[in-house]
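Some notes on the structure that comes next.
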Amino acid sequence: MIPQDFIDQLLSRTDIVDVVERYVPLKKAGRDYMACCPFHKEKSPSFSVSQTKQFYHCFGCGAHGTAITFMMEHAGYGFVDAVKELAQLAGMQVPQVAAELAAKEAETRRTVNSLSEVMVEAARFYKQQLKSSPVAVEYLKRRGLTGEIAGRFGLGYAPAGWNGLQAVFSDYLDPKLDEAGLLIVRDDGTRYDRFRERVMFPIRDVRGRVIAFGGRILDKGEPKYLNSPETPLFEKGRELYGLFEAREAIREVNRVLVVEGYMDVVALAQHGVSYAVATLGTATTATHVHKLFRHADRVIFCFDGDKAGRRAAWRALENVLPELRDGKRVDFLFLPSEHDPDSYIREYGREGFEAILDAETVPLSAYLTRELSQRVDLGSDEGRAEFLNLAKPLALAVKAQALSILLRKKLAEMAHLDVDELDRLWGLRRGLSGRQGVRSKAIGSRRVEVSLPRWLLRALMLDPALARDTVLPPPAQLAGDAQLLGELVCFIQTTGASDSAGLLERLRDTDLGQRIEPLVAELLVDPAALQAPPAEEFAGAIDQLGARIAGERFDRLKQKDAEQGLSPDEKRELLDLLVRIRPTS
């Protein structure tokens with residue numbers, strides 16, 4: 001790997017404004033620079049480049065990162081090549097230890113290109129077989145599909161027989177066929193076609209390359225749908241069927257419909273609803289959500305109204321919550337139990353489908369509260385307590401500030417509390433006023449309040465060196481933003497990050513990095529927040545947070561001691577806390 005200290009030196013010598021301006025014209029806007037985003041189609045500029053902190057962020061699609069990230073995401077470089085290009089511009093020599101990684105990346109590119117060629121040939125073969133299969137053509141006609149829509153999605157047919165692909169690949173023993181997921185290899189080394197007697201749906205990436213296939217059986221049989229396995233080309237948790245074909249329609253209406261099946265996507269497109277995509281036999285992932293929000297501000301999940309559809313919807317909700325951002329919207333639509341999107345639009349047409357889409361979609365927050373309220377008895381104190389217990393991990397997962405506040409307010413009302421009481425109950429605030437631990441920053445003529453943990457998180461993103469002497473309880477003992485703060489402190493102390501750009505590079509492709517992402521947007525939205533606090537002020541705020549955490553732990557131990565007693569370790573902890581703080585009751 002390339003040494004991290006070299007990456008830090010490279011970023012310190014690189015001006016991200018100069019890098020971005022090689023590809024995108026920038027205009028000065030205050031202390032930052034703005035442009036129309038190069039990652040998605042837009043008419044007014046929402047792409048911001050901060051020369052102060054050396055990172056970029058798009059308020060429309062959420063794209064953000066350092067100069068290295070920009071070279072990878074926009075210019076198409078691999079990591080090593082991006083570093084080499086920037087190093088050349090900065091007059092630096094990349095250490096030789098990077099040679100092995102560069103060779104590995106080059107080999108990966110060769111493998112991907114080779115497998116892509118295999119998939120193109122397979123897709124061409126399946127498409128030809130469809131034309132010569134009256135049974136498959138008749139099946140598609142019965143489903144209401146025309147030749148035009150079949151051509152648009154590249155539909156094909158895998159014929160009967162165990163070795164149909166031998167007609168297109170002379171070397172049936174070529175390991176690339178197995179690596180691409182087209183064949184299955186038995187224990188004895190013999191091989192046969194994975195897909196047989198199925199309508200074939202090519203799965204394309206956002207560049208239009210065929211990376212996998214889905215096959216639908218013509219008659220009865222199991223499995224009804226068969227997907228390619230994961231390969232160097234294909235990772236189902238990252239891809240969405242139909243996104244390549246739907247991109248323009250999605251941008252035009254600024255919304256995307258997420259359904260469950262290939263046929264749903266194709267049938268909807270046949271009837272003029274061309275902004276639908278489907279997950280690939282897996283629950284909606286964070287990567288899916290990132291991709292969807294890059295293309296549209298509104299995402300609508302459409303599920304069957306049966307039990308399976310509702311289970312899938314709830315899994316989607318749980319995975320979407322941490323990825324929500326203010327300005328983005330997620331809704332849910334449940335069709336009548338006897339219908340799926342395919343059957344509904346064939347019966348009622350585009351007007352009927354879009355009528356139910358406009359009239360019966362349920363906002364995410366309403367769906368969440370409705371589902372939880374149906375699991376408990378809100379007419380009793382015990383039921384309301386259980387309601388809040390179920391809601392807490394879901395509500396705390398929401399990082400979008402405005403939505404988070406509004407959701408907590410709604411939950412509090414349903415539990416017969418006010419939002420300050422709820423926040424204190426969940427450890428978000430402490431004290432009768434409900435305002436302790438809240439910091440205020442001026443922005444123009446208004447003031448924006450952020451919680452103390454959030455303020456501390458912002459400070460560390462601006463000046464990671466502040467974490468050097470910071471001591472907090474282990475992250476497992478914290479919750480919400482305080483837990484995120486504890487993880488970030490540990491991460492900075494472990495990796496030695498000393499500036500914003502270096503920290504962002506270290507966070508690349510990490511779970512913590514994904515959860516930190518909303519902070520980048522907050523910092524760019526709030527120009528006044530782009531100044532790191534003095535070390536003394538930061539240390540004082542850490543002390544304040546530590547006292548609050550200790551007080552809350554003290555109260556919990558006292559309550560447990562009164563109700564069921566404490567273990568010897570807990571008794572020692574209680575005595576230690578008694579020395580450190582003044583009891584609150």
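This structure is a prediction, so every number in the text was calculated from the model and none was measured. Atoms considered below: every heavy atom in the structure, side chains included; atoms not considered: hydrogens, waters and symmetry mates.
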Is the shortest side-chain heavy-atom distance between [X] and [Y] below 4.5 Å?
X	Y	result
Phe6	Met92	yes
Arg548	Pro453	yes
Arg255	Ile250	no
Arg468	Gln493	no
Phe234	Thr231	yes
Phe70	Pro38	yes
Asp174	Phe169	no
Pro464	Ser498	no

Is the shortest side-chain N to carboxylate O distance from [X] to [Y] below 4.0 Å?
X	Y	result
Lys291	Glu239	yes
Glu318	Arg315	no
Asp297	Arg325	no

So how far is it from [X] [atom1] to [Y] [atom2], rounded to the nearest 0.5 Å?
X	Y	atom1	atom2	answer
Asp481	Leu396	CG	CG	8.5 Å
Leu457	Leu462	CG	CG	11.0 Å
Asn227	Lys236	CG	NZ	7.5 Å
Phe125	Leu182	CZ	CG	10.5 Å
Ile300	Asp331	CD1	CG	5.5 Å
Leu503	Thr495	CG	OG1	6.5 Å

Tell me whether the count of non-hydrogen atoms from other residues, nucleotides or ligands lying under 6.0 Å of CD in Glu230 goes above 12.
yes

Could you walk me through whether His290 and Thr287 pass the side chain to side chain donor-acceptor pair (under 3.5 Å) check?
CA-CA 5 Å; His290 283 300; Thr287 303; over 6 Å; no

From the list His64, His74, Glu505, side chain to side chain contact (heavy atoms under 4.5 Å, CB included) partner of Thr69 resolves to Glu505

Is it true that a side-chain atom of [X] and a backbone atom of [Y] form a donor plus acceptor pair closer than 3.5 Å?
X	Y	value
Thr285	Gly237	yes
Arg251	Glu248	no
Thr14	Ile16	no

Residues in ring pair (Phe, Tyr, Trp, His ring centres under 6.0 Å) with Phe293, at least two apart?
none

Identify, with sequence neighbours excluded, every residue that meets ring pair (Phe, Tyr, Trp, His ring centres under 6.0 Å) alongside Phe195.
none

Arg204 vs Glu245, test: salt bridge (Lys or Arg N to Asp or Glu O under 4.0 Å). Steps then yes/no.
CA-CA 9 Å; Arg204 297 183 171 111; Glu245 292 83 0; 2.4 Å; yes

Determine whether the aromatic ring centres of Tyr126 and Phe213 lie less than 6.0 Å apart.
yes

Phe201 and Phe153: aromatic ring centres closer than 6.0 Å?
no

With sequence neighbours left out, what residues match Asp205 under side chain to side chain donor-acceptor pair (under 3.5 Å)?
Arg209

Between Gln51 and Asp15, do the side chains contain a donor N or O and an acceptor N or O under 3.5 Å apart?
yes

Under 3.5 Å, is there a donor-acceptor pair between the Asp264 and Tyr241 side chains?
no

